[in-house]
Amino acid sequence: MRIDIPDDKKLVFEMVIPIRWGDMDAMGHVNNTLYFRYFEIIRIEWLHGLGGAPDPAGQGPVIVNAFCNFIKQLAYPGDILAKHYVANPGRTSFDTFITLERTDEPGVLYATGGATTVWIDFPQQKSVPLPEWLRKQFE
């Protein structure tokens with residue numbers, strides 16, 4: 001089953017992630033679990049850049065679902081251009097979408113994915129409204 005990412009989304013961050021030799025598996029391509037790691041890397045870098053790093057004593061994001069469409073196999077050596085998008089802000093949640101392509105093949109998608117994120121108060125373990133600084137990312 002393939003989950004399409006929506007057209008109605010906003011690009012908020014891009015970064016280059018090097019493919020490491022150790023990212024590959026015995027089949028000679030990047031292991032499928034690493035795609036989720038790449039998604040995590042860009043999602044956390046985006047939040048850190050906004051000054052919104054997760055705070056275990058305060059508030060932050062929790063991923064409640066995640067998906068990945070594996071389109072082409074990534075392999076070492078190379079660099080990934082990861083693009084991070086946001087969409088569908090609600091009272092306490094929003095969606096993120098990510099595309100991965102190689103920097104030496106601009107525009108050729110290797111993977112697409114996303115996650116639904118809920119903003120929570122960690123000590124109370126309850127969802128809370130999205131902070132205003134985060135809500136501004138959707139404008």
Side-chain angles (χ1 to χ4, degrees):
M1 174 175 72
R2 185 171 174 165
I3 301 171
D4 291 323
I5 61 175
D7 293 330
D8 187 20
K9 61 191 179 304
K10 181 181 176 189
L11 177 64
V12 291
F13 189 65
E14 294 183 19
M15 70 179 294
V16 174
I17 304 169
I19 300 170
R20 302 169 303 174
W21 172 257
D23 291 349
M24 293 195 312
D25 60 19
M27 302 307 291
H29 56 76
V30 171
N31 185 279
N32 63 341
T33 62
L34 270 291
Y35 289 72
F36 287 97
R37 176 69 63 189
Y38 300 148
F39 293 169
E40 176 190 56
I41 289 168
I42 190 167
R43 189 170 35 247
I44 293 299
E45 288 297 317
W46 169 66
L47 282 169
H48 275 265
L50 295 174
D55 176 8
Q59 296 182 357
V62 172
I63 303 301
V64 296
N65 69 30
F67 72 93
C68 181
N69 298 309
F70 303 96
I71 300 169
K72 292 183 72 173
Q73 295 178 7
L74 287 166
Y76 177 89
D79 292 311
I80 299 165
L81 174 60
K83 296 181 181 179
H84 187 277
Y85 303 84
V86 294
N88 307 320
R91 188 180 77 79
T92 63
S93 67
F94 62 97
D95 293 329
T96 62
F97 299 101
I98 297 160
T99 60
L100 303 179
E101 57 192 71
R102 289 181 59 105
T103 57
D104 58 354
E105 292 184 75
V108 177
L109 293 178
Y110 275 71
T112 61
T116 299
T117 305
V118 174
W119 203 258
I120 69 160
D121 179 295
F122 288 113
Q124 293 183 18
Q125 292 294 296
K126 289 186 170 189
S127 63
V128 294
L130 297 175
E132 192 56 36
W133 60 264
L134 181 56
R135 197 166 283 289
K136 288 182 181 181
Q137 292 296 302
F138 297 90
E139 296 174 355

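Since this is a predicted model, take the numbers as computed values, not measurements.
Under a hydrophobic-cluster definition in which Ile, Leu, Val, Met, Phe, Trp and Tyr are linked whenever side-chain heavy atoms come within less than 4.5 Å, directly or via other members, V12 and V16 are assigned to different clusters. Cluster membership check: Y110 shares its hydrophobic cluster with F70, using side-chain heavy-atom separations under 4.5 Å among Ile, Leu, Val, Met, Phe, Trp and Tyr. By the criterion of side-chain heavy atoms lying less than 4.5 angstrom apart, applied directly or through intervening Ile, Leu, Val, Met, Phe, Trp or Tyr residues, W46 is grouped together with I98 in one hydrophobic cluster. I5 and F13 fall into different hydrophobic clusters, where Ile, Leu, Val, Met, Phe, Trp and Tyr are joined by side-chain heavy atoms under 4.5 Å apart, directly or via other members. Put simply, V128 and L50 are part of the same group of oily side chains (I, L, V, M, F, W, Y) that touch within less than 4.5 Å, one to the next.
For the pair K9 and Y85, the cation-pi test (distance below 6.0 Å, angle within 45°) is passed.
In the displayed structure, D55 atom CG is contacted under 6.0 Å by more than 12 heavy atoms of other residues, nucleotides or ligands. Within a 6.0 Å radius of CH2 in W21, no more than 12 heavy atoms belonging to other residues, nucleotides or ligands are found.
Taking CD1 of I63 as the start and OG1 of T96 as the end, the distance is 5.5 Å to the nearest 0.5 Å. Note that CG of L109 and CG of L81 are 10.0 Å apart. Values are rounded to the nearest 0.5 Å. Here CZ of R135 is found 11.5 Å from CH2 of W119. Values are rounded to the nearest 0.5 Å. Distance CD1/I80 to OH/Y35: 7.5 Å, rounded to 0.5 Å. Separating the CZ atom in F39 from the CG atom in L34 is a distance of 11.5 Å, to the nearest 0.5 Å. In this structure, the separation between CZ on F67 and CZ on F97 is 5.5 Å, given to the nearest 0.5 Å.
Contact check for F122 versus V62: side-chain heavy atoms found under the 4.5 Å cut-off. Considering only heavy atoms from C-beta on, I41 comes within 4.5 Å of M15 through its side chain.
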TODO: Decide side chain to side chain contact (heavy atoms under 4.5 Å, CB included) for Y38 and I19; before the verdict, give the C-alpha distance in whole Å, the side-chain angles of both, and the deciding distance to 0.1 Å.
DONE: CA-CA 10 Å; Y38 300 148; I19 300 170; 4.3 Å; yes
- [ ] Please assess V86 against K10 for the test side chain to side chain contact (heavy atoms under 4.5 Å, CB included), listing each intermediate value before the final yes or no.
- [x] CA-CA 5 Å; V86 294; K10 181 181 176 189; 4.3 Å; yes
- [ ] Could you please spell out the steps behind the side chain to side chain contact (heavy atoms under 4.5 Å, CB included) verdict for Q73 and M27?
- [x] CA-CA 10 Å; Q73 295 178 7; M27 302 307 291; over 6 Å; no
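The backbone N or O of A75 lies less than 3.5 Å from a partner atom in the side chain of R102, making a donor-acceptor pair. Looking only at distances, a side-chain donor or acceptor of N65 sits under 3.5 Å from a matching main-chain atom of T116. Not one N or O on the side chain of K83 forms a donor-acceptor pair closer than 3.5 Å with the backbone of L11.
Minimum heavy-atom separation, V118 to S127: CG1-CB, 3.7 Å. Minimum interatomic distance between T117 and P61 (heavy atoms only, all atoms of both residues): CG2-CB, 3.4 Å. For the residue pair P18 and D23, the shortest heavy atom distance occurs at O-OD2, 4.2 Å. Between A66 and F36 the shortest heavy-atom distance is CB-CE2, 4.1 Å. Closest approach of I17 to A82, counting heavy atoms only: CD1-CB, 4.1 Å. G107 and E101 make their closest contact through N-OE2, 2.9 Å (heavy atoms, listed as atom of the first residue, atom of the second, distance).
Of the candidates T99, D4, N69, T112 forms a side chain to side chain donor-acceptor pair (under 3.5 Å) with just one, namely N69.
At a threshold of 4.0 Å, the pair E139-K136 does not count as salt-bridged, since none of the basic side-chain nitrogens sits closer than that to a carboxylate oxygen.
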